[in-house]
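Take a look at the structure below.
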Amino acid sequence: MEKVLIIGAGGQIGTELTARLREIKGADNVYAADIHENCPKNLEGGPYVQLNALDREQVRSFIIGNEIRQVYLLAALLSATAEKNPDFAWRLNMEGLFTILDLAKEGHLSKIFWPSSIAVFGPTTPRDNTPQHTIMEPTTVYGISKQAGERWCEYYANKFNVDVRSIRYPGLISYTSLPGGGTTDYAVDIFYQAKMNGKYTSFLSRESRLPMMYMEDAIRGTIELMEAPKDQIKIRSSYNLGALSFTPEELANEIKKHIPDFTIDYEPDFRQAIADSWPASIDDSTARNDWGWKNKYDLSRMVEVMLLNINVELLNI
Ligand code: SER
């Protein structure tokens with residue numbers, strides 16, 4: 001069994017991906033890494049190491065010294081936070097990627113997962129059913145870093161035969177850990193406020209339609225992509241993955257079916273401009289054809305599961 005390292009394991013994706021990979025591969029084979037000195041509670045089921053994704057030598061010596069063969073590199077600043085700290089966002093989102101791509105090029109790693117995002121698209125991209133290959137002129141720091149990262153992944157795959165695999169995640173909705181710093185985070189915040197206060201003020205306008213996905217689908221898709229035979233992975237930049245597409249108003253209406261008194265109002269802030277530059281829905285036929293991607297959760301099932309499972313105490317941790 002190849003040893004796996006998840007860098008940025010304490011984040012919204014990492015927490016659930018680590019747990020699932022430990023179930024599949026055995027806890028001892030899956031190392032969680034994050035910037036915190038002490039192991040976060042939800043990563044306690046297996047080995048944990050404090051790693052700084054920007055410390056190339058620290059990351060290299062850990063991977064080589066522990067004979068890690070696969071890396072999931074999840075440490076990044078998301079769209080809204082990156083706009084507030086562009087220099088650091090660019091460094092964090094790019095430098096760690098080169099560290100890992102170079103380790104693979106040198107033969108230390110057999111496989112890499114690196115997440116991209118719908119943020120690689122921009123205002124000149126066709127908004128509906130955005131194709132796999134299309135105009136990409138991102139206008140956010142986050143989007144620029146993800147697009148550059150995609151180009152480098154493909155370059156390393158073509159030139160050095162690096163087996164790097166990637167997904168352009170839409171907004172991800174989950175209840176086990178909180179998202180941080182994204183434009184799509186309203187679609188998670190709304191559940192906590194609905195449960196605690198029965199009302200929510202959305203930072204995106206009522207008609208802002210964005211691509212979204214329930215986390216269980218995202219984790220399953222990620223692992224299916226990584227486990228697929230190498231020759232099925234024809235896209236080495238990043239795969240479009242579609243699932244849900246809804247507006248704040250449509251999400252609120254679905255929540256009202258469970259909490260009839262729930263109300264929503266709208267106070268768009270700087271994140272509105274980011275949302276306006278992104279697709280409304282995604283054409284994922286390439287992923288479906290190449291390696292069999294298929295989402296399972298629709299809007300009503302996602303809302304049901306979220307309302308059943310969110311724990312408002314997470315907000316106080
Ligand atoms: N959820 C991310 C964000 O909003 C999109 O990749 O930044």
Side-chain angles (χ1 to χ4, degrees), residues 11-13 76-86 88-89 117-125 127-128 130 138-144 146 169-215 243-282 299-300 302-307 309-317:
Q12 193 199 5
I13 301 172
L77 282 201
L78 294 190
S79 58
T81 322
E83 289 306 299
K84 294 186 172 156
N85 202 345
F88 178 67
S117 161
I118 53 164
V120 292
F121 300 115
T124 51
T125 302
R127 283 205 83 217
D128 296 314
T130 301
T139 49
T140 62
V141 174
Y142 178 64
I144 295 168
K146 288 296 178 189
Y169 289 125
L172 297 178
I173 298 163
S174 64
Y175 60 83
T176 50
S177 68
L178 297 169
T183 301
T184 54
D185 292 5
Y186 91 84
V188 178
D189 300 344
I190 193 171
F191 288 100
Y192 290 92
Q193 297 305 325
K195 229 173 174 172
M196 281 191 310
N197 305 320
K199 59 178 194 241
Y200 181 63
T201 300
S202 170
F203 58 76
L204 297 184
S205 68
R206 80 169 65 231
E207 72 283 0
S208 294
R209 185 176 298 285
L210 287 171
M212 301 274 183
M213 186 182 291
Y214 183 56
M215 186 63 88
L244 313 172
S245 165
F246 55 77
T247 65
E249 186 174 41
E250 288 167 357
L251 179 56
N253 287 339
E254 198 59 42
I255 291 174
K256 270 187 212 165
K257 292 182 185 164
H258 303 263
I259 307 175
D261 294 337
F262 175 67
T263 58
I264 183 164
D265 56 9
Y266 305 91
E267 281 178 23
D269 66 13
F270 75 101
R271 289 168 279 194
Q272 185 65 47
I274 301 177
D276 288 344
S277 77
W278 287 354
S281 60
I282 295 292
L299 178 61
S300 71
M302 182 274 283
V303 168
E304 203 179 299
V305 175
M306 283 297 287
L307 286 173
N309 289 290
I310 58 158
N311 173 8
V312 292
E313 278 165 25
L314 256 191
L315 297 178
N316 301 321
I317 291 175

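Being a predicted model, the structure only gives us computed values, none of them experimental.
The two atoms that bring P179 and V188 nearest to each other are CD-CG1, 3.7 Å, heavy atoms only. Scanning all heavy atoms of the two residues, the minimum distance from P211 to P170 falls at O-CB, 3.3 Å. Closest approach of A252 to I264, counting heavy atoms only: CB-CG2, 3.6 Å. In this structure, T130 and T125 approach most closely via the heavy-atom pair CG2-CG2, 3.5 Å. Of all heavy-atom pairs between S177 and G11, the closest is OG-O, 3.6 Å. Between A280 and D128, the closest heavy-atom pair is CB-OD1, 3.6 Å.
Here the side chains of P138 and S277 are not in contact, with every heavy-atom distance at 4.5 Å or above. With a 4.5 Å cut-off on side-chain heavy atoms, Y142 and L78 count as touching. Residues T139 and P123 are in side-chain contact: their nearest non-hydrogen atoms beyond the backbone lie under 4.5 Å apart. Using a 4.5 Å heavy-atom cutoff, the side chains of E249 and E207 are not in contact. A heavy-atom distance below 4.5 Å is found between the side chains of F191 and L251. At a threshold of 4.5 Å between non-hydrogen side-chain atoms, the residues K146 and T140 do not count as touching.
Taking OG1 from T184 and CZ from R271, the interatomic distance works out to 10.5 Å, rounded to the nearest 0.5 Å. Separating the OH atom in Y169 from the CD1 atom in I13 is a distance of 4.5 Å, to the nearest 0.5 Å. Note: E254 CD to L299 CG = 4.5 Å, rounded to the nearest 0.5 Å. A distance of 6.5 Å separates NZ in K195 from CG in L307, rounded to the nearest 0.5 Å. Atoms OG and CG, on S281 and L210 in that order, are 10.5 Å from each other to the nearest 0.5 Å. Here the straight-line distance linking atom CD1 of I173 with atom CE of M302 works out to 3.5 Å at 0.5 Å rounding.
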Check step by step if side-chain contact (heavy atoms from CB on, under 4.5 Å) holds for F262 and I190.
CA-CA 10 Å; F262 175 67; I190 193 171; 3.8 Å; yes

Could you go through the side-chain contact (heavy atoms from CB on, under 4.5 Å) check for Y175 and V305 one step at a time?
CA-CA 9 Å; Y175 60 83; V305 175; 4.3 Å; yes

Are K199 and D261 close enough, and set up right, to give a side-chain contact (heavy atoms from CB on, under 4.5 Å), and what steps lead you there?
CA-CA 8 Å; K199 59 178 194 241; D261 294 337; over 6 Å; no

Verify side-chain hydrogen bond (donor to acceptor under 3.5 Å, both in side chains) between S79 and T183, making sure each step is shown before the conclusion.
CA-CA 6 Å; S79 58; T183 301; 2.7 Å; yes

List the steps, then state whether side-chain contact (heavy atoms from CB on, under 4.5 Å) holds for Y192 with Y200.
CA-CA 9 Å; Y192 290 92; Y200 181 63; over 6 Å; no

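Donor-acceptor pairing under 3.5 Å is recorded for the side chains of D276 and Q272.
Judged by distance alone, the side chain of Q12 and the main-chain N or O of L172 form a donor-acceptor pair under 3.5 Å.
Residues satisfying the salt bridge (Lys or Arg N to Asp or Glu O under 4.0 Å) test with E250, not counting sequence neighbours, are R209.
Using bins of under 30°, 30° to 60° and over 60° for the plane-to-plane angle, the ring pair Y186/F246 lands in the perpendicular bin.
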